[in-house]
Amino acid sequence: MYLKEKKAVVDDALKRYFAGGNPFYNVMQYSLEQGKRIRPILAIASYEASGGTDTAGIMGVACSLELIHTYSLIHDDLPSMDNDDFRRGRESSHKKFGEARAILAGDGLYAYAYELMTAGADHAPEKMEVVATVSRAVGPKGIVYGQVLDIEEHKELNPKTLRLIHLNKTAKFIAVSIQAGAIMARAARAVIDTLYSAGIFMGILFQYTDDILDMVGKKDSLGKTPGKDDKAGKLTALRVYGLDGARFRAQRYAALAKKRFLKLGARFNVFSELTDFILNRTF
Ligand code: GRG
């Protein structure tokens, strides 16, 4: 219910940000449709749990996270990367519009994200901190590094390398999505720091369930092609720990995240529910 309600708010805001643009906005918007909106919802949840009352005022920051995430999915699907023709339940961007436009759609989303993140004269220091935090998590110390490791061939099933991939490809961005809301609400530094460490565990959990769903998920509910990681010989939690081992470790990461969220008090209870959602998700 919470997720459905917040997803509707994010979807409405995204529509507004893409209304009245030039025709290329439609190409970018195509790939934005159908996502779960986890990252903006995490930002809104932490903003509200941290006492923020102007949710409409931080929608640019929240939605910017979805734009960055979607850019990374478009580029990940390209023939030179994961080469997947199916994403979010429909043809991926390069399949629908051709490779050149897909690359540009990703570039456009990435740049437009920072326009949305910084729009307006209010909360300038907080926005500056969000820009610094998010760009660090999605650049060469985060997602880009995770993707570089991900496309390498890993003959050795090394748990340390697996953790490094999960941390950089997925967890840092999830953690800073949570932090972004708290920064915008001017939460205390200790709260922002605790949210980061809880978010890292939640993010690793997120990638564990992604790896598990690649093995046991269904194409229709996932909206992407299952079994691809295994076929491509990717270093996944399943290859390192097996299905039961990966499930066991996913539960452990969920418990580690929840322990930290609980420390923040009842206002943050929604994060325990979100952690359980991620643990039990089927899409
Ligand atoms: C191209 C620089 C660059 C990076 C690509 C996003 C990515 C890195 C790879 C895609 C594959 C993958 C497993 C990424 C980890 C993050 C992740 C689990 C993405 C899927 O996110 P969801 O489940 O997707 O939130 P929706 O479609 O619901 O938004």
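In each ligand, atom 1 is the first atom listed, and ligand 1 is the first ligand listed. Atom set for the values below is all heavy atoms of this structure, side chains included, hydrogens, waters and symmetry mates excluded.
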Donor-acceptor contact below 3.5 Å, side chain D211 vs main chain A237:
yes
Is the closest side-chain donor-acceptor distance between T225 and D84 under 3.5 Å?
yes
Is there at least one pair of N or O atoms, one from R87 and one from ligand 1, spaced under 3.5 Å apart?
no
So is there a nitrogen or oxygen of S72 less than 3.5 Å from a nitrogen or oxygen in ligand 1?
no
Of all the atoms in ligand 1, which lie at a distance below 4.0 Å from a heavy atom belonging to Q207?
13 (C), 15 (C), 16 (C), 18 (C)
Is the distance between the ring centroids of F248 and Y241 under 6.0 Å?
no
Just to be sure I read this right, does ligand 1 sit under 4.0 Å from the backbone of Q147, its side chain, both, or neither, counting only heavy atoms?
side chain
Backbone or side-chain N or O of D210 under 3.5 Å from ligand 1 N or O
no
Assess R281 for proximity to ligand 1: is some non-hydrogen atom of it under 4.0 Å away?
yes
Could you tell me the separation between the OH atom of Y110 and the CG atom of L67, rounded to the nearest 0.5 Å?
12.0 Å
Counting heavy atoms only, which of R88, R37, K7 comes nearest to atom 29 (O) of ligand 1?
R88
So if I count the atoms of ligand 1 from 1 in the order they appear, which ones are less than 4.0 Å from some heavy atom of I143?
4 (C), 8 (C)
Ligand 1 contact by F283, heavy-atom criterion under 4.0 angstrom:
no
Distance to the ring centre below 6.0 angstrom and angle to the axis at most 45 degrees; does that hold for R39 and F206?
yes
Run R260 and D193 through salt bridge (charged side-chain N to carboxylate O under 4.0 Å, His left out) and show every step you take.
CA-CA 10 Å; R260 280 157 184 81; D193 292 347; over 6 Å; no
